[in-house]
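Here the structure is a predicted model, which is why all the values come from computation and not from measurement. One-based numbering, in listed order, for ligands and for the atoms of each.
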Amino acid sequence: MSAPKHFLDLHDVDAKTLRTILDLGTSLKKDKTAQPLRGKSLAMIFEKPSTRTRVSFEVGINQLGGNAIIMDGPSSQLGRGESVADTARVLSRYVDAIMIRTDDPQKLHDLAKYASVPVINGLTDDSHPCQLMADVMTYEEHRGSIRGKKVTWCGDGNNMAVSFIHAAERFGFSLTLAVPKELPVRPEVLDWAKAEGADITVTTDADAACTDADLIVTDTWVSMGDADAEQRCALLQPFQVDAKRMKLAKSDALFMHCLPAHREEEVTAEVLDGPQSVIWDEAENRLHAQKGVLAWCMSE
Ligand code: CP
Ligand code: NVA
């Protein structure tokens, strides 16, 4: 039996395969009648809240001819201390793939280690690779290839920032991260990017970061599980994306946000709801990009 095709992180999948998955997502977006996963089951474990991930995966697997089983941590035996390893072994006897959203990335890796079916990362505290697949798809639908473009991240060094770094290397774009020095990206991620030769710049100057950008992205100042909300908001206020910063970018620059958004915090309503914002296409593309992920993971 060949090893399962996990989708754990963008830097675990080679660039050519990521492109194949995106192309698959795009073709499934065009042909909504295709059902390559007829009769297949996807278990989804949620130990953190979700709107987009939960609905887009469930609708996606249904559209592909399969079905989804949702397990909320507290209502399953996982919530009562059954190990991730045993859960992985048992679920592998019932379903064809497992998606997990959890705080601890170790749980994702344990699940992948002990499952004999593909495991998909639906967000951990460390990364959010499915979101990046949708983001790249969205940029390219609007502006063509993302290769060589300047992408600017304004925010903390959170899970989304990490997946943007992985994506910059894999999809060949230049990434400038405007991040307060108190909330940095984990150094091992930057070390990886450097070793891979990725074009990554880290600065505390958000204006310089936004200058000449092709795409500006941000995220909530307080991620799920962050305790120090007040302090984080104070540190991140100077990194807010507003109309002035969008004007520093190229005239055809786009704005993206993985959502949920907080108007007048990380981004002004003027930008979030303005003409350069493609957030609703981005949210829709979670569905299409993940259909590509599901079809790839579950194919022979
Ligand atoms: N962007 C994203 O993952 O949204 P949810 O938390 O609603 O799934
Ligand atoms: N950084 C955010 C992303 C939500 C989709 C969080 O982890 O809460």
Side-chain angles (χ1 to χ4, degrees), residues 7-10 25 42-61 68 70-73 98-108 120-139 153-167 175 177-180 183-186 189 215-229 231-233 235-236 239-241 255-263 265-267 272 277-294:
F7 190 79
L8 303 182
D9 260 320
L10 299 183
L42 170 72
M44 299 202 278
I45 303 170
F46 283 97
E47 297 190 321
K48 287 180 157 219
S50 169
T51 295
R52 279 144 289 268
T53 305
R54 181 173 175 148
V55 176
S56 57
F57 265 109
E58 184 162 358
V59 170
I61 186 86
I70 302 200
M71 296 166 61
D72 289 318
I98 305 168
M99 192 234 67
I100 182 165
R101 168 169 286 199
T102 182
D103 51 352
D104 181 0
Q106 192 56 47
K107 290 189 193 168
L108 169 77
I120 299 169
N121 178 356
L123 180 147
T124 70
D125 285 0
D126 275 5
S127 61
H128 196 6
C130 289
Q131 182 68 52
L132 260 292
M133 296 299 276
D135 291 4
V136 172
M137 180 183 267
T138 306
Y139 183 85
W153 166 268
C154 290
D156 68 310
N158 69 9
N159 45 9
M160 279 295 299
V162 168
S163 285
F164 262 104
I165 292 170
H166 293 158
L175 178 67
L177 299 126
V179 177
L183 300 170
V185 177
R186 283 179 289 119
V189 180
L215 168 64
I216 297 181
V217 290
T218 187
D219 186 12
T220 179
W221 288 342
V222 184
S223 285
M224 292 178 273
D226 283 340
D228 45 352
Q231 195 196 355
R232 299 177 66 83
C233 292
L235 290 168
L236 284 157
F239 296 81
Q240 183 189 62
V241 179
F255 171 80
M256 286 194 207
H257 189 310
C258 64
L259 306 177
H262 306 79
R263 288 170 175 79
E265 291 186 18
E266 69 272 11
V267 58
L272 190 77
S277 171
V278 289
I279 54 168
W280 308 125
D281 292 340
E282 183 185 6
E284 178 186 332
N285 279 335
R286 291 295 303 279
L287 170 65
H288 307 299
Q290 286 159 198
K291 283 171 76 175
V293 172
L294 288 168

- To which protein heavy atom is atom 2 (C) of ligand 1 closest, and what is the distance rounded to 0.1 Å? R286 NH1, 3.2 Å

- Task: Could you say whether the N/O atoms of C258 and ligand 2 ever approach to under 3.5 Å?
- Result: no

- Mind checking whether N158 and W153 have side chains closer than 4.5 Å, heavy atoms only? yes

- Taking all non-hydrogen atoms of both residues, which atom of S56 and which atom of R286 are closest, and how far apart? OG-CB, 3.9 Å

- Task: Could you walk me through whether D104 and K48 pass salt bridge (charged side-chain N to carboxylate O under 4.0 Å, His left out), step by step?
- Result: CA-CA 11 Å; D104 181 0; K48 287 180 157 219; over 6 Å; no

- Item | Separation between CD1 of I45 and CZ of R101, rounded to the nearest 0.5 Å | 13.5 Å

- Do the non-hydrogen side-chain atoms of Q240 and E266 ever get within less than 4.5 Å of each other? no

- Message: Any heavy atom of R101 closer to ligand 1 than 4.0 angstrom?
- Response: yes

- Message: Tell me the closest heavy-atom pair linking L272 and F255, and the distance in Å.
- Response: CD1-CE2, 3.6 Å

- Message: Tell me the contacting part of N159 for ligand 2: side chain, backbone, both, or neither, using a 4.0 Å heavy-atom threshold, strictly below.
- Response: side chain

- Query: By number and element, which atoms of ligand 1 are closer than 4.0 Å to a non-hydrogen atom of L259?
  - Reply: 1 (N), 2 (C), 4 (O)

- Note on the structure: N158 heavy atoms within 4.0 Å reach ligand 2 at atoms 1 (N)

- Query: Would you say the side-chain atoms of T124 and N159 include a donor-acceptor pair closer than 3.5 Å?
  - Reply: no

- Task: Return a yes/no value for T220: is any of its N or O atoms, backbone included, closer than 3.5 angstrom to an N or O of ligand 2?
- Result: no

- Might you point out which heavy atoms bring F57 and C130 nearest each other, and give the distance in Å? CZ-SG, 3.9 Å

- Item | Contact atoms of ligand 1, heavy-atom distance to T51 under 4.0 Å | 5 (P), 7 (O), 8 (O)

- Does ligand 2 have any atom that is closer than 4.0 Å to a heavy atom of L259? yes

- Got a donor-acceptor contact below 3.5 angstrom from the N285 side chain to the E282 backbone? no

- Would you mind checking which non-hydrogen protein atom is closest to atom 4 (O) of ligand 1, with the distance to 0.1 Å? R52 NE, 2.8 Å

- P49 N/O under 3.5 Å from ligand 1 N/O: no

- Query: Just wondering, more than 12 heavy atoms not from Q106 lying within 6.0 Å of its CD?
  - Reply: yes

- Message: Among all protein heavy atoms in this structure, tell me which lies nearest to atom 3 (C) of ligand 2, with the distance rounded to 0.1 Å.
- Response: D219 OD2, 3.6 Å

- Query: Could a heavy atom of R54 be found less than 4.0 Å from some atom of ligand 1?
  - Reply: no

- Considering only protein heavy atoms, which is closest to atom 4 (C) of ligand 2, and at what distance to one decimal place? L123 CD1, 3.9 Å

- Looking only at N/O atoms, are R101 and ligand 2 under 3.5 Å apart anywhere? no

- Query: At what distance is the nearest protein heavy atom to atom 8 (O) of ligand 2, and which residue and atom is it?
  - Reply: M224 N, 2.8 Å

